Amino acid sequence: MFRTVTCGELRIADVNKSVTLAGWVQKIRKMGGMTFVDLRDRYGITQLVFSEDTNAELCAKANELGREFVIQVKGVVSERSNPNKNIPTGDVEILANELNVLNKSLTPPFTIEDNTDGGDDLRMVYRYLDLRRTAVRKNLELRHKMTMEVRRYLDSKGFLEVETPMLIGSTPEGARDFVVPSRMNPGQFYALPQSPQTLKQLLMVSGFDRYFQIVKCFRDEDLRADRQPEFTQIDCEMSFVEQEDIINLFEGMAKHLFKELRGVEFKEDFKRMTWHDAMKYYGSDKPDLRFGMRFVELMDTLKGYGFSVFDNATYIGGICAKGAATYTRKQLDALTEYVKRPQIGAKGMVYARVEADGTVKSSVDKFYSQDTLQALKAKMEAEPGDLILILSGDDTQKTQKQLCELRLKMGEDLGLRDKNVFAPLWVIDFPMFEWSDEEQRLMAMHHPFTHPKDEDIPLLDTDPAAVRADAYDMVINGVEVGGGSIRIHDPKLQAKMFEILGFTPEKAQEQFGFLMNAFKYGAPPHGGLAYGLDRWVSLFAGLDSIRDCIAFPKNNSGRDVMLDAPAPLDQKQLDELQLDVKAKQ
RNA sequence: GGUGUGGUAGUUCAGCUGGUUAGAAUGCCGCCCUGUCACGGCGGAGGUCGUGGGUUCGAGCCCCAUCCACACCGCCA
């Protein structure tokens with residue numbers, strides 16, 4: 001045994017015990033005749049004391065230690081004369097009588113502390129050192145706890161965890177696949193799953209009526225702070241259920257997780273909002289409901305008064321920022337610049353302040369009488385001290401998206417996006433399809449197996465773009481933490497979907513024949529959902545990036561800077577795979 | 001594919017209108033210090049200013065190209 005106790009467990013009650021500890025040297029404080037060493041492992045920090053009076057030779061040895069040396073210490077637990085209230089072990093220290101250096105260490109390139117001096121880049125290169133830091137380790141501990149609670153909850157509800165293969169076939173639709181060449185089948189490729197979607201549906205056909213899996217998924221698309229090329233889903237599917245059953249069960253799971261991991265109890269049902277309302281009032285299919293500032297449509301109020309920008313607009317919308325009338329001209333100009341950035345793309349912004357006396361002062365005063373501005377105030381339900389911000393444009397959806405960005409920015413600036421406040425909701429009734437300019441055809445908004453709303457099925461023939469789906473997303477604080485749908489289990493309806501999506505019957509058979517054939521053998525009605533584990537954990541941990549809750553994440557361009565992957569292959573490997581690599585342009 | 005921000009000591013950053021020997025903090029090394037816990041004191045070492053080119057009497061600073069990182073747009077059923 002290298003140790004009898006960890007560095008986080010000794011207390012005042014342990015005084016006079018002889019113990020052996022092992023861990024990393026966090027810090028050495030030399031005081032002349034005595035030396036203090038902070039010994040760290042993942043459980044905590046324990047102070048070791050070496051004194052010239054007691055053992056000069058041992059004290060000299062301790063003075064030779066460096067940061068991150070791995071050592072083993074034997075000694076006696078003793079009460080401190082000066083306790084440290086900041087750490088749980090602060091009442092005791094170890095009077096060392098034996099010191100073994102198990103391994104030396106180079107000086108690490110950054111400090112292993114909560115407030116490290118290391119930048120993101122460097123910490124990723126030395127991720128194994130970064131993971132020694134409490135702040136990062138806590139995130140992985142939370143992740144562990146979360147997967148344990150998920151398994152506990154779903155097991156209690158009768159779900160079976162079933163593994164599905166990582167090497168599967170490429171499917172059209174959706175994201176770009178990561179592919180793996182097959183040596184035994186030259187010129188052919190596996191694809192890594194974007195999700196186990198079709199496999200879990202096959203499990204439903206097999207009669208596993210409650211399935212789940214905590215599983216890696218792979219999508220070869222450009223990355224963001226909340227997107228990794230490989231990420232983890234809590235993937236679930238159920239048979240003999242309707243949308244309501246799924247929503248209830250997984251809302252229950254969300255509540256369970258909030259309670260167990262954050263101590264937050266939701267007594268009420270989560271809000272539900274149709275996709276249509278989410279777009280209308282928030283300009284987003286994942287609205288952040290931690291604050292108000294709902295959009296108010298102002299076409300009737302402001303159009304037709306000679307202000308050509310509004311007169312020519314097909315959409316005019318405003319938000320009311322409570323108490324923000326104190327914004328200076330400089331701040332308003334900065335906001336205007338913000339929405340005019342190419343990423344947002346607004347042409348400009350109109351603002352109106354409600355003064356203390358109730359009058360409205362706007363940036364377009366010369367076009368509008370005070371009466372009209374008072375009508376604006378009434379429509380916006382604005383009060384003295386409020387600031388009204390207005391965007392307009394000739395593309396309703398685009399303008400609403402811009403207004404959404406402005407709303408989020410104002411929410412941020414006014415401190416309304418508190419990380420310790422959670423506002424969950426279900427967004428329901430998604431459109432079945434969306435038009436793709438690139439492909440010049442309708443694409444499935446969720447995926448091609450999504451069941452249309454029964455009452456909209458007739459529209460499949462007449463107006464497919466108007467069809468709504470039995471699809472639902474769970475959104476918390478403006479983050480899509482999960483989503484799912486009722487699936488089609490009728491092969492005829494599925495064939496019709498493929499037809500609308502532009503598949504010939506032959507192509508559909510080639511790509512999805514396995515699924516459609518399976519459905520011929522008695523597919524139960526089924527549906528499911530997948531939660532994004534990484535997003536949940538980062539939400540619970542209050543992180544800005546999901547990278548911080550992944551042990552070994554990839555950077556912005558999909559590289560693992562620690563392993564230096566991806567990398568070229570040896571010619572020998574390429575030959576085996578019968579692959580030719582084009583020279584880089 | 002696009003937009004923006006950044007790249008200076010081991011690390012995090014400052015560096016003015018282009019002008020002497022490029023600074024601070026922290027880390028590291030040495031000496032001192034017997035109750036520290038962000039210990040303290042004194043001293044020291046440490047630089048391809050991302051890379052390549054250009055403008056200039058003179059470039060960390062200006063221009064062009066390029067690489068890398070981060071954020072975002074497109075993209076991500």
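Scope of the values below: all heavy atoms of this structure, side chains included, with no hydrogens, waters or symmetry mates. The structure displayed is predicted, hence computed values, not measured ones. Just so we're on the same page: letters track the sequence lines, and every chain starts at 1.
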Colleague: Rounding to the closest angstrom, what is the interatomic distance between B:C70 and B:U8 at atom P?
Modeller: 15 Å

Colleague: Of the candidate nucleotides B:C28, B:A71, B:G74, which contains the atom at the shortest distance from the side chain of A:Thr107?
Modeller: B:C28

Colleague: Base, sugar-phosphate, or nothing: which does A:Glu113 touch, judged by heavy atoms less than 4.0 Å apart?
Modeller: nothing

Colleague: Determine, step by step, whether A:Met497 and A:Met432 satisfy the side chain to side chain contact (heavy atoms under 4.5 Å, CB included) criterion, reporting the C-alpha distance in whole Å, the side-chain angles of both residues, the deciding distance to 0.1 Å, and the verdict.
Modeller: CA-CA 10 Å; A:Met497 289 301 302; A:Met432 191 75 215; 3.2 Å; yes

Colleague: Select one nucleotide: of B:C76, B:G74, B:C70, the one nearest the side-chain heavy atoms of A:Asn555.
Modeller: B:C70

Colleague: Rounded to whole angstrom, note down the P distance from B:A65 over to B:C73.
Modeller: 26 Å

Colleague: Taking only Lys NZ, Arg NE, NH1 and NH2, and the carboxylate oxygens of Asp or Glu, determine whether A:Glu499 and A:Lys507 approach each other closer than 4.0 Å.
Modeller: no

Colleague: How does protein contact run along nucleotides 32-42 of chain B, one letter per nucleotide 5' to 3', with B for base contact, S for sugar-phosphate only, - for none, heavy atoms under 4.0 Å?
Modeller: -BBBBBSB---

Colleague: Between A:Asp333 and A:Lys330, is there a salt bridge with N-O shorter than 4.0 Å?
Modeller: no

Colleague: Determine the Euclidean distance between corresponding P atoms of B:U11 and B:C49; express it in Å to zero decimal places.
Modeller: 15 Å

Colleague: Can you check the distance between B:A59 and B:G4, where both ends of the measurement are the P atom (answer in whole Å)?
Modeller: 28 Å

Colleague: Would you call A:Glu439 and A:Arg441 a salt bridge, using N to O less than 4.0 angstrom?
Modeller: yes

Colleague: Hey, is the side chain of A:Lys340 poking within less than 4.0 Å of OP1 or OP2 on B:G4, counting only N and O atoms?
Modeller: no

Colleague: Any chance you could measure A:Glu237, atom CD, to A:Leu202, atom CG, to the nearest 0.5 Å?
Modeller: 10.5 Å

Colleague: Hey, does the side-chain of A:Gln343 have a donor or acceptor N/O within less than 3.5 Å of a partner on the base of B:C72?
Modeller: yes

Colleague: Hey, which sits more toward the 5' end of RNA chain B by its nearest nucleotide, A:Gln194 or A:Ser545?
Modeller: A:Ser545

Colleague: Taking the same atom, C1', in B:G19 and in B:C62, what whole-Å distance lies between them?
Modeller: 14 Å

Colleague: What distance, rounded to whole Å, do you find between the two C1' atoms, one in B:G60 and one in B:G15?
Modeller: 8 Å

Colleague: Grab the NZ-C1' distance between A:Lys409 and B:C72 for me, whole Å please.
Modeller: 13 Å

Colleague: If I pick the P atom on B:G47 and the same atom on B:A22, what distance separates them, to the nearest angstrom?
Modeller: 12 Å

Colleague: Roughly how far apart, to the nearest Å, are B:G58 and B:A25 at atom P?
Modeller: 35 Å

Colleague: What nucleotide, of B:C72, B:C76, B:G27, holds the atom closest to the side chain of A:Thr111?
Modeller: B:G27

Colleague: Given B:U11, B:A69, B:C72, which nucleotide is nearest the side-chain atoms of A:Arg559?
Modeller: B:A69

Colleague: Give a yes or no on whether a salt bridge exists between A:Asp130 and A:Arg123, defined as a side-chain N under 4.0 angstrom from a carboxylate O.
Modeller: yes

Colleague: Regarding A:Asp473 and A:Lys286, does a basic nitrogen lie under 4.0 Å from an acidic carboxylate oxygen?
Modeller: no

Colleague: Closest approach to the side chain of A:Glu221, judged atom by atom: which nucleotide of B:C76, B:G74, B:G27 is it?
Modeller: B:C76

Colleague: Could you tell me the separation between the CG atom of A:Leu106 and the CZ atom of A:Phe69, rounded to the nearest 0.5 Å?
Modeller: 9.0 Å

Colleague: If you write RNA chain B from 5' to 3' in dot-bracket form, with Watson-Crick or G-U pairs under 3.5 Å, [ ] for crossing pairs and | for pairs with another strand, what do you get?
Modeller: (((((((..((((.....[...)))).(((((.......))))).....(((((..]....))))))))))))....

Colleague: Between A:Arg29 and A:Asp38, does at least one N-O distance fall below 4.0 Å, as a salt bridge requires?
Modeller: yes

Colleague: Kindly say if A:Arg341 contacts the phosphate of B:C72, meaning a side-chain N or O under 4.0 Å from OP1 or OP2.
Modeller: no

Colleague: On a plain distance test, is the side chain of A:Arg547 in donor-acceptor contact with the base of B:C70 below 3.5 Å?
Modeller: no

Colleague: Side chains of A:Val215 and A:Ser195, heavy atoms from C-beta outward: is any pair under 4.5 Å?
Modeller: no

Colleague: Of all the nucleotides listed (B:C70, B:U3, B:U26), which has the minimum atom distance to the side chain of A:Pro342?
Modeller: B:U3

